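None of the values given here were measured: they were computed from a predicted structure. Order of the sequence lines sets the chain letters (A, B, ...), proteins ahead of strands, with each chain counted from 1.
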Protein chains: 2
Amino acid sequence: MGDNEAEAGGAVPSKRADARRNKETLLDAAAKVFVASGVDAPVRDIAREAGVGLGTIYRHFPTRADLVIAVYRHQVEACAEAGPALLASGATPYAALREWINLFVDFLVTKHGLAAVLRSDTAGFEALHGYFLDRLLPVCAELFDAAVAAGEVRSDLTSYEIMRGVGNLCVGAEGDERYDALRLVDVFVAGMRLSR
Amino acid sequence: MGDNEAEAGGAVPSKRADARRNKETLLDAAAKVFVASGVDAPVRDIAREAGVGLGTIYRHFPTRADLVIAVYRHQVEACAEAGPALLASGATPYAALREWINLFVDFLVTKHGLAAVLRSDTAGFEALHGYFLDRLLPVCAELFDAAVAAGEVRSDLTSYEIMRGVGNLCVGAEGDERYDALRLVDVFVAGMRLSR
DNA sequence: AACGATACGGAACGATGTTCCGTTTATCAA
DNA sequence: TTGATAAACGGAACATCGTTCCGTATCGTT
């Protein structure tokens, strides 16, 4: 699924060497700036950090959101792949769901400002929103459905709501020591549990 | 607590009549624009709607946040005052807390984009954030503490976290029919409940 | 070495919140 | 009624964003 590696010798003209190099430089610079200033950092800061012009950024990543996606793609992928594994190894589907959600929360909270992007209304971030949902929603759904089938959680929820709700609970967590997102999510997940 | 009415004949020089009139006009226009385009509506839209210049807005409300505060002050006040009443009339402190939170959620969800402002990181909205917290946090705390004292809810939370958590759950609720903030908050509130 | 396609840099655009200042107007004393 | 003066006004101008555009530089190939 990689963009275009050295192999895959199709008819598609391989990108120029400097272009490929700049894309890497850009990803590194963006990752660095994101941890320093959050995902809301100005595009210009990233360009300066990478020692590259604005045009170069926008040729490689049509929109800021695409850059954010590219930077975190690996981690999103890892989170997605952890889902089935947890379901297989967990004591119960509910336990697996809880663990997976903790993984998700860890990911969001450690990326300054990333959680805010799960909101749909954030202008220009539809792409990012869409990517996260496309990739992670099915995983969440699998875990949730299993928990519902096992009769462990209330069924009047959707996995979409769970994703968005958990994401929202993580918004603004970093940099506010009075706000412990992990604990709040824990309360939420406890609330899903069916009393028996 | 009103700014300066006709009475209260102190030594403070009363504002000019046109200024007072414009302030009212501005509040009406802002309220109108907020329901039409959300609290994120451009300042220029409000100025146009009110038929005044930009300078006039900024003289009356030093920052966009101050304008938002002024527009919703009455409803925040009402929400704050409902707290003690609910505690007195509710079956149990937990029931009162639950009802009050529902009131809070209704308020947030019906104001397009207001919830997003509860986040502290939103640049320039510290004033709004502060006002909401100053006014509503003590109310929430009273209800929550009572519920804790009654042994109805888990005590490893702070009222600050509850306010922020509930507020966050409301972010982006309007305009997304797949996302039911009231139900998610209900799950959260259920999660606070102590099993017995 | 020369040439064409590709990629680059950064000026320029449109939107936004906010500031500034020359102009207008309300108020009040004479 | 009429000036004088402080208050308030309007909107141009500024800074900061994301994004677009195009003349120029560079790469890869012949």
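Side-chain N or O atoms of Thr158(A) include one that pairs as donor or acceptor with a backbone N or O of Glu161(A) at under 3.5 Å.
To the nearest angstrom, C1' of dG9(C) lies 12 Å from CD1 of Ile57(A). Here the P atom of nucleotide dC8(C) and the CZ atom of Arg20(A) are 12 Å apart, to the nearest Å. At whole-Å resolution of the value, CZ in Arg48(A) and C1' in dG10(C) are 13 Å apart. One atom, NZ of Lys15(B), and another, P of dC9(D), lie 9 Å apart when rounded to the nearest Å. Spacing between atom CG of Leu67(A) and atom C1' of dT19(D) amounts to 14 Å, rounded to whole angstrom units. Following rounding to the nearest Å, Phe61(A) (CZ) and dT20(D) (P) show an atom-to-atom distance of 16 Å. The separation between Ile46(B) atom CD1 and dG11(D) atom C1' is 17 Å, rounded to whole Å. Per the geometry, CZ belonging to Arg44(B) stands 14 Å off P belonging to dG14(C), to the nearest Å.
You'll find the side chain of Asp186(A) stays beyond 4.5 Å of the side chain of Ile101(A), heavy atoms only. Counting only heavy atoms from C-beta outward, the side chains of Asn168(A) and Tyr179(B) approach each other to under 4.5 Å.
Position along DNA chain C of the nearest nucleotide to Val43(B) versus His60(A) favours His60(A) as the more 5'-ward residue. If Pro42(A) and Gly55(A) are placed on DNA chain D by their nearest nucleotide, the residue sitting closer to the 5' end is Pro42(A). Nearest-nucleotide assignment on DNA chain C puts the 5′-proximal partner with Ala41(B), out of Arg21(B) and Ala41(B). In this structure, Gly51(B) and Leu54(A) both approach DNA chain D, and ranking their closest nucleotides by distance from the 5' end singles out Gly51(B).
The two residues Leu169(A) and Phe188(A) come nearest to each other via the heavy atoms CD1-CB, 3.9 Å. Pairing each heavy atom of Ala82(B) with each of Leu103(B), the nearest pair is CB-CD2, 3.5 Å.
Between Tyr58(A) and dT19(D), a side-chain N or O to OP1/OP2 separation shorter than 4.0 Å is present. Taking side-chain N and O atoms only, Asn22(B) has a distance below 4.0 Å to OP1 or OP2 of dC9(D). Put simply, Thr56(A) has no side-chain N or O that comes within less than 4.0 Å of OP1 or OP2 on dA7(C). For Thr63(A) and dG18(D), the shortest distance from a side-chain N or O to OP1 or OP2 is not below 4.0 Å.
Axis angle, first five pairs versus last five pairs of the helix from dA1(C)-dT30(D) to dA30(C)-dT1(D): 20°, rounded to 10°.
With respect to Glu77(A) and Arg135(A), a salt bridge is recorded, a charged nitrogen being found less than 4.0 Å from a carboxylate O.
In this structure, Arg64(A) is not positioned above the aromatic face of Tyr58(A) in the sense of NZ or CZ being under 6.0 Å from the six-membered ring centre and within 45° of the axis.
Applying the 3.5 Å distance criterion, the base of dT26(D) shares a donor-acceptor pair with the side chain of Arg16(A).
Tested against Val33(B), the residues Val71(B), Val43(B), Ile46(B) include a single side-chain contact (heavy atoms from CB on, under 4.5 Å) partner, Ile46(B).
Contact annotation for Arg59(B): base contact, defined as any heavy-atom pair under 4.0 Å involving a base atom. At the heavy-atom level, Ala47(A) lies nowhere under 4.0 Å from the strands shown.
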